[in-house]
Structures are given as C-alpha cells and as structure tokens.
Amino acid sequence: MAVTLSVNGRRRTVAAAPETPLLYILRNDFELNAAKFGCGMAQCGACTVLVDGKAVRSCVTPALAVVDTKITTLEGLGSATSLHPLQKAFIEEQAAQCGYCIAGMLMSAKALLDETPHPSEGDIRQALAGNLCRCGTHNRIVRAIQRAAKEMSP
Amino acid sequence: MSAANRGITRRRFLGQTAALTVGFTLAPLVRGLAQAPSVLPGSLQKNRMLDGWLRINPDGTVTAFTGKVEIGQGIVTALAQIVADELEVDLGRIEMVSGDTSRTPDEGVTSGSRSIEESGSALRFACAEARGILLETAAAKLGAPLSSLRVEDGVILAPGGVRATYGELTTDAMLKREATAKAKPKPSSAHRFIGKSVPRRDIPGKVTGGAAYVHDMRLPGMLFGRVVRPPSPRARLVSVDERATRALPGVVAVVRDGSFLGVAAEREEQAIAAARALRKSAKWQETASLPPSGRKLFEHLRRQPAQDAVVSEKNDAAASAVKTLEATFTRPFQAHAAIGPSCAVAQWQEGKLHVWSHTQGVFPLRRELAKALTTPASDITVTHREGSGCYGHNGADDVALDAALCARATRGRPVKLQWMREDEFRWEPYGSAMLIDLRAGLDAQGNVVDYHHELWSHTHSTRPGESDGTNLLAAWYLKDAQRPGSARNIPQPAGGGDRNAIPLYVFPRQRVINHLLPEMPVRVSALRTLGAYANVFAIESFMDELAAAAGADPVEFRLRHLSDPRAKAVIEAVASKAGWRPKQAGDGRRGRGIGFAKYKNLAAYVAVIAEVDVDRATGAIKVPRAFAVADAGLIINPDGLANQIEGGVIQSTSWTLREAVSHDSTRVLTRSWADYPILRMTEVPSVDVSLINRPEEKPVGSGESAQGPAVAAIANALANATGRRIRDLPFTPERVKAAQT
Ligand code: FES
Ligand code: FES
C-alpha cells in the first residue's frame, strides 16, 4: 500500500494505507512539523494545511482524497531565512504564546488573504473562527494578519 | 545540621508537639559547630554553586542554565535579558539551557508566576558575582586598578587601550565556588536589555515549522504509542484481547499491566488503530464514584469531611455594623484544555531511562517516575522539550509515565506517545470546584467593619514530586497499584484553595476559613491561579454589592478601603484609562464593571474594567472590550508582560462565560471541544493593556495575575448592565436568562 502526494512542490510516494489521515503523513513521512495534532476531529484547526489553495483539516482528510492535489504546509510558505510576509508579521507582532495553534492560524490566514487581499477585521475573525487558541493570543494574531495584508497588497 | 539530625527533628516534629522544643534548641547548637549558610536570593538558596548557573566559554559566548522551562510565557527570553545585562554581554551570544536533570539546577516546578523571582533573581546575582570575579582577574592580569576597568560586551577595557576578553580570562575553576550574593546587581539606569521588548527567542521556530515541541521529536527507530484509558476513574480491567491487537499491521508491543493498557507501533495511525481495537475488546468493571453534578455538587461539597483552618483573623476596634450582607459563590470543575494533547518521548537503554517531556518540573517528574517504575532516580534523565501551553498541572507528567511503560516493551526503541483529545479532556486533573460563603457588615458611614470569608474546595495541587504517594495517573492502575499522594493545601502566604482569600482591603474585623476536602473523587490539581480565580470573583463581586448597599461608587469604595499605594494606583489608572464615570448605571443591555487583585497578595497588582453586552432574549453575553493595568514591579520585557496580561484576560473570559467539566455519577462526560466550548476568535474581547513600571521594586511574574480581576470585572459589568447579579460560574445563557426573570 502506497500513496503519492505532492507537498510544497515535492512529490513523494509513501508506504501508508490510503485512508491514513494526511496529518500523519505530513508529520511523520514528510517530516514537516508545522501542522499539529490537536483533536483529530476537525474541531480545533491545529492541523490546517492548504489543498489546492483551500484550508482543510488534515487530521480528517484521508491521503487518498488528496492524491492529485497541491498540498501546502506552513513550511511551504517560507523559512526562517526567507520569511513569508505572514510569518514576518507574526514575529513582528510577537503573535504567539505557546504557539501550538499558530501554524494552523497562519494557514487559515493564507487561504483568506489569497481570496480576500484586503480583509476587514471581521473577515479575519470569521475566517479564523474555527481555529482555537487557548493562550489568548487571538488579538495579536488578528493584528499580525492585518499587518501582513498591508504589506502584501498595499 | 547534618541530614540525620534534620531527619530526627522533623520526624519528632510530625509525631508529637513536645518535639517542637527539640527542634528549636538543637538549631543554635548545631549552628555553633558549623557556620550556617547565608540566605541567598531566589533559587541560589538551594543551588549555591556559581558554575551551576553559568559557563563562560573560551569563544566569548555564555551558557546560562535554568531549572525553569518555557511554557509559552517567554521566560527563557526574559532570563537571557537578565544575564545579558548583569554580565554585560550581548544578548546574541547567550545560550540558554533549561530544564534538564543532567545539566540544570533543580528549581522545582515552573508555576505560580514565580520564575522571574526565583530563577531571575538567582541568575541576576550569579551573573553580577561572575562579572566581579572576571573584573578582579582582569585587574591582576592587566595590572590596572579595578576601579579603572569597564566592560563592553564581554571585553574588559583598561586605560591605555589594554584589554582582555571574558573568553581569555575564564578558567574551569573560576566559577567553581559558592555564591555569596555580595555583588550588587546593576541599577535599572544601567540596563540595556532589561525593560526592553526583546523579541522572544522561540517565536521564529514556531512560525516556520521548526522542531519546537516534544511532539516534533524524531529519534532513530522511534515508534508511536497510544494508551487505552478506562471508561471511568474507578473502572477495573476484566478482560482484553491482546492477541488480536498484536496481529494488526505495524504493532510492535501491546502492554497490559493491571488496568493499564498501551500500544506501540511503527506508524502513528497504526498505533491509533491498535488502541481503538484494544479498547473495543476490553471489558471493564465500573463503579459509580463521582459526586453529584450541577447545583447539587455544591451542597455535596459543603457536607464533605473537611480539614478546617482559620487562614486569617483580625479583631480591631471598630464601630458596629448596621447592615449585613451575605452571598454564596460557586465555581465548577474547569479544565486546562491545552490545544495540543500531552505528549512525551521515552527510551530505555541498558536499564536507564531517558524521557523528553513538556513537564513543568524535570526534577519532580524524575522523582515520581522513579517511584512509579521502581527504578533509581539516578538511572532516569528527564529533558524538557516544549509542549502546547499547559496553564498548570495537566497531562504532561502523566503521559511521560505512559510513554515509559510502553517503551519498556520495545527493546530499546524510543516511543513517542501522545494522548488523544478524549484522553486529555477526561483524564487531566481539573481545577477544583469551589464554594464560597461571604458575609460582611457595613457601619453607619458605609464602611466595611466585619468581613467573613469561608470556602470549601479540594486541594489545588497534586503535582508530582511533592507528596507521600505517586502522583502519576498510570501508577494507580498498575497490577502493583500505587496510591496518589494525600491532599494538602499550599500554605499561606501563597495559599492553595485559599489563594487570595484574604482580602487586600483593610477591614477591621475579619475571618477567613478554608475547608480543605481531602477526598477527591474527581481528579484535581493546579489550574492557573489555583483558588485565586474564584476567591477574587467572590470578593470583588461582593465589594460591588457592598458598595451598592453603601450607596457608593465601586471605584471610590475600593479606594477608600485600601492602604497600599500600588493597589490604588492600578485602580485609578484603569478607571482613568477606561473613562470610568462614577455610579454610571447600565442600560439594561450594556454595562461596565471593575475587578482588582494583587496576585497571591504578594505579586503583581492588576485592575481590569470590562464591558458586557447582554442579549436579554437569549441570555448570551459578549465581552467586547476590557482594559487592564498591571504593576509587576521592575518590568523585564514589556511586550512579554502585556502578552501575558492580555492572554490572562481572554482565558479568564472564556472560563467565566463558558467553561465547566461535566460528569455523571460514574464517568466524565467532557470528551471533546463540542462538550467544552472555549471562546473563539469572533468572541474574545479586545484588551487594552497598560503597564506601570517600578524599577525600584523586584520583578514578579504575571502569567496568572489577570484572571481573577477579569472574572470579577465581567461579573460586575453583568450586574451593572442588567441589575441582576450572577454568583455561579460560568455565566451561561441559561443562567443569564433565568436571572432576568
Ligand atoms: S487536529 Fe485537526 S482540527 Fe483539530
Ligand atoms: S498560542 Fe498557545 S494555543 Fe494559541
């Protein structure tokens, strides 16, 4: 049993059952840390990644369902040495406490900004309403996204 | 005093009161024989060697060691700022090593907003002393008078251009000495990094998918583990089909020990599937052991056997009361509810165990693992790796034992074990339910003259490493089951259930009584603030009720009962910031309220004003906005402090509006976010934080200082808006609606 997936522009075949949730393949086979296990039930958003540009919950997405798609994780946006404007804005706003929710927040934000380059504060909150944060970092996250939006499309 | 002597006096002390004399007369005798060690600041007191805290490397970098750990509060960055300033070395050349039983000092647990006081003070004095030693060494080497030397980023400069670097001067022996704490730390005017919003060291990794958490560890040959917990706390395993599970793809080990069940598999999804199969085949015998729920819980708590203590008593002369008020407040069991379920990695090699854990205390966890696994502590290493924010004692330590038990069956292969969402919700130790009775009397001038505070609650700490039992979940279910430690209250002045039960207000006659309920049918432990959240909710709600009875404005009423100028300052500042108008009535829908506390009565001062917006038809409450003013003494990192205060207000708003763990007589029913909704991005208040810096005061932490004032501000705002007060948490729409009629 094997599935071939294209993640952050890289195609790889992994030896996993086709119904395996995408999250475990990303974390354990592709060795990508960003997407996190939070609930495994599509309730918290910690595992959010982009599938053909749309934010999806990778914990409930079977690998089989995404074989012919383009999957993007936070690592695909930018790296420590070449930050995506969203990542840069999160650092500038110090928009994290424990940070466990942050990768999911960033991916939901990316999906939003791709569709709505000039979102209102309400748009941002709505788009991220499915991403839970327990530390109370919400408002900093919103500020970071507003900052990134400004930088990406002035 | 020798260890043997101490043992004897302690035992006698516990055994009989007559021994009290023995303890006291022995002490000076023994001190005569050997110089008693001086009292050193913070954690230096228990970890007295300079080289335990600091290493100056030949390349000019500095390695600083702390027993405290990063739990999302930014502590490692703040400590680095302290080291940089005291040593005068650039922040960029300071490496921080935290929480490792093989490398760092034992600083107990990272909790109670104490890290800045304990680790920060220790590092401050250790670095000041090390700098002095380096200067003396340089003076001798350069042949220049000490007073002529100055330091610039780790380089000591003498007049005439001669110089020596820390890296050149350092020797192995230099810091191998006991601290004296005689070197004075720098005055705040000389700080370059302290007081600046230095960006946190951990954030870049967290926003780029770096390996930031224990969850992200990958070791060669690593397996994935999962546990199968019983369906209810008192359930016992009757039978299970291990064979069928062993035959599933990828399964390497199925562990059964008494009622403990765990699996290890090659792939994570295989471990999950194996655990599911194992659960399906398991037969349990359950026992109804949980207390009644809902309203009945609190009547039940009041009737339980209790250890009673008078926490504070005062009988000053004052006028007699002309008016008396009484009220009862409740707080349910509430969950830490980390976003990431607890996780640990464990590996056994040649009888020695290495555990990587997001525990708040690597040394206490090691002591507890040693008991649970009947392995000498010296054969166990615990290394801290970050986890999801914990907010107190959650499943972090328990999962470390789970991983160690599973890894014992994998012949040296490491096991990474993460709990599932349901494991976390049903098995973490909750913040204890509380019942609080208040009574107060006002004199003819409308001043409080009598005050009575009485509370019932379980202990607020069952952490590992500090009890007579084994405070790790799985240990209670093994074939050779171990017992949890017996309940005890954290003593005042910090307090446990009675934390912040003693009002900071000056009341001439007061009595505070704590009823500690030692039986804990529902598992409880430290949730951020311990008892302070509910005590401050009660006191501060009651202050508004008393103010109303006295016809006074809540802000003025508080100020007139306070003597501490720092307390008054935060209240005045938040009132002016929020544009508080005395005695402003709510309009039936919107209102404002204030809440104040000095955390633990010995740390940060925080005052909060919150606004609420109530939908009277549905009972739904929104908290659109809150203002907070905090005084945490000398501020190390303003942005970090603001982040903590803002987070505290938001978390408290969520506890206050939404949160309660539910259970029936046998099982905990809270299993997922659907059963335990927390505030979402669309529902959190905006928080306007202002800080008061007090460079002459000692710095104190503040991760837990805003929660009490925030709940009180919301409660008072709700009463202000609707004219109806709610004294039971959380403020669910049903309750709010019922209170309107
Ligand atoms: S882990 Fe996927 S939504 Fe929670
Ligand atoms: S920053 Fe900790 S959960 Fe969001």
Side-chain angles (χ1 to χ4, degrees), chain A residues 16-17 19-21 23-25 27-28 31-41 43-44 46 73-75 77-80 83 86-88 90-92 94-103 105-106 122 124-142, chain B residues 71-74 197 199-200 202-213 215-216 218 224 249 267-270 272 336-341 386-391 418 420-421 639-640 643-644 646-654 672-674 678-687:
Chain A
E19 67 275 12
T20 303
L23 175 64
Y24 304 119
I25 295 179
R27 290 187 56 78
N28 303 329
E31 304 199 344
L32 297 167
N33 297 320
K36 293 279 186 285
F37 175 82
C39 65
M41 308 156 95
Q43 291 178 339
C44 75
T73 71
L74 179 57
E75 290 89 342
L77 296 198
S79 65
L83 294 167
L86 269 166
Q87 293 167 317
K88 206 169 123 238
F90 270 64
I91 294 173
E92 278 160 359
Q94 294 283 290
Q97 287 188 45
C98 79
Y100 201 88
C101 67
I102 294 296
M105 295 281 182
L106 276 159
I124 296 173
R125 292 193 185 267
Q126 209 56 55
L128 273 67
N131 290 76
L132 300 181
C133 173
R134 185 60 165 160
C135 295
T137 315
H138 307 74
N139 298 329
R140 285 178 178 243
I141 293 169
V142 172
Chain B
I71 46 178
Q73 82 286 41
S197 290
R200 272 190 20 210
D202 52 325
I203 290 184
K206 289 175 176 175
V207 302
T208 52
Y213 306 89
H215 308 70
D216 303 331
R218 288 179 200 93
F224 295 87
R267 296 184 56 87
E268 191 160 14
E269 67 275 13
Q270 292 170 335
I272 294 169
H336 300 77
I339 297 297
E386 273 189 71
S388 187
C390 59
Y391 327 109
Q418 185 171 17
M420 300 302 280
R421 174 47 50 197
D639 186 66
N643 200 352
Q644 288 295 294
E646 185 171 332
V649 170
I650 290 176
Q651 189 172 65
S652 179
T653 307
S654 183
S672 80
W673 295 111
I678 61 173
L679 281 198
R680 292 174 182 276
M681 199 57 103
T682 41
E683 300 163 323
V684 298
S686 74
V687 187

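Throughout, a chain's letter reflects where its sequence line sits, starting with A, and its residues are numbered from 1. Owing to the predicted nature of the structure, the values given are computational and were not obtained by experimental measurement.
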Checklist entry - Of the listed residues (His336(B), Met681(B), Gln418(B)), which shares the most heavy-atom pairs with chain A below a 4.5 Å separation? => result Met681(B)
Next on the checklist: Under a 3.5 Å distance rule, please check whether Glu268(B) uses its side chain to pair with a backbone N or O of Asn28(A) as donor and acceptor.
Outcome noted: no
Item to check | Residue Arg218(B) versus chain A: region with a heavy atom under 4.5 Å | outcome: side chain
Checklist entry - Taking Gln87(A), Gln94(A), Gln126(A), Met105(A) one by one, which has the highest count of heavy-atom pairs under 4.5 Å against chain B? => result Gln94(A)
Checklist outcome for this item: Turns out that what part of Leu32(A) lies under 4.5 Å from chain B's heavy atoms comes down to backbone
Item to check | Side-chain donor/acceptor of Arg680(B) to backbone N/O of Ala129(A), under 3.5 Å | outcome: yes
Next on the checklist: Does any backbone or side-chain atom of Ser652(B) lie under 4.5 Å from a heavy atom of chain A? Answer side chain, backbone, both or neither.
Outcome noted: neither
Checklist entry - So what's closer than 4.5 Å to chain B heavy atoms on Glu92(A): side chain, backbone, both or neither? => result neither
Item to check | Region of Ala212(B) that comes under 4.5 Å of a non-hydrogen atom in chain A | outcome: neither
Checklist entry - With a 4.5 angstrom heavy-atom cut-off, which part of Ile102(A) approaches chain B: side chain, backbone, both or neither? => result side chain
Checklist entry - Who among Leu74(A), Ile124(A), Val142(A), Leu23(A) has the most heavy-atom pairs with chain B under 4.5 Å? => result Leu74(A)
Next on the checklist: Tell me whether Gln651(B) contacts the main-chain N or O of Cys135(A) through its side chain, where contact means a donor paired with an acceptor under 3.5 Å.
Outcome noted: no
Item to check | Residue selection (most heavy-atom pairs with chain A, distance under 4.5 Å) from Val684(B), Ile203(B), Asn643(B) | outcome: Asn643(B)
Checklist entry - Checking heavy atoms, do the side chain of Ile141(A), its backbone, both or neither come under 4.5 Å from chain B? => result side chain
Next on the checklist: Looking at Gly38(A), is its backbone amide N or carbonyl O close enough to the side chain of Arg421(B) to form a donor-acceptor pair, meaning the two atoms are under 3.5 Å apart?
Outcome noted: yes
Item to check | Arg200(B) side-chain N/O to Gln97(A) backbone N/O, donor-acceptor pair under 3.5 Å | outcome: yes
Checklist entry - Any donor-acceptor pair under 3.5 Å linking the side chain of Tyr24(A) with the backbone of Arg267(B)? => result no
Next on the checklist: Can you give me the closest heavy-atom contact between His215(B) and Arg27(A), atom names plus distance?
Outcome noted: O-NH2, 2.7 Å
Checklist entry - Under 3.5 Å, side chain of Tyr100(A) to main-chain N/O of Pro341(B), donor-acceptor pair present? => result no
Item to check | Leu679(B) CG to Cys133(A) SG distance, which is reported to the nearest 0.5 Å | outcome: 11.0 Å
Next on the checklist: Testing Leu77(A), Leu83(A), Asn33(A) one by one against Thr208(B) for a side chain to side chain contact (heavy atoms under 4.5 Å, CB included), which residue passes?
Outcome noted: Leu83(A)
Checklist entry - If you look at every heavy atom in Gly209(B) and Ala34(A), which pair is closest and at what distance? => result CA-CB, 3.9 Å
Checklist entry - Do you know which of Ile272(B), Thr682(B), Ile339(B) has the most heavy-atom pairs with chain A at a distance under 4.5 angstrom? => result Ile339(B)
Checklist outcome for this item: Among Ala96(A), Ala35(A), Gly40(A), Cys98(A), the residue with the most heavy-atom pairs under 4.5 Å to chain B is Cys98(A)
Item to check | For the student: nearest non-hydrogen atoms of Ser672(B) and Met41(A), plus distance | outcome: CB-CE, 3.8 Å
Item to check | Donor-acceptor contact below 3.5 Å, side chain Glu646(B) vs main chain Thr137(A) | outcome: no
Next on the checklist: Heavy-atom pairs under 4.5 Å with chain A: which of Gly389(B), Gly74(B), Ser686(B), Ala337(B) has the most?
Outcome noted: Ala337(B)
Checklist outcome for this item: Under 4.5 Å to a heavy atom of chain A? For Gln270(B) that would be neither
Checklist outcome for this item: If you tally heavy-atom pairs under 4.5 Å between each of Lys206(B), Glu386(B), Glu683(B) and chain A, the highest tally belongs to Lys206(B)
Item to check | Contacting moiety of Val649(B), where chain A heavy atoms sit under 4.5 Å | outcome: neither
Item to check | Atom pair CH2 (Trp673(B)) and SG (Cys44(A)), whose distance is rounded to the nearest 0.5 Å | outcome: 7.5 Å
Item to check | Polar side-chain atom of Asn139(A) near backbone of Pro685(B) as donor-acceptor pair, under 3.5 Å | outcome: yes
Checklist entry - Side chains of Ser654(B) and Arg134(A): closer than 4.5 Å at any heavy-atom pair? => result yes
Item to check | chain A contact via Pro249(B) - side chain, backbone, both or neither, heavy atoms under 4.5 Å | outcome: neither
Checklist entry - Quick one: what part of Leu106(A) sits under 4.5 Å from any heavy atom of chain B, side chain, backbone, both or neither? => result side chain
Checklist outcome for this item: Given Leu86(A), Leu132(A), Thr20(A), Leu128(A), the one with more heavy-atom pairs under 4.5 angstrom with chain B than any other is Leu132(A)
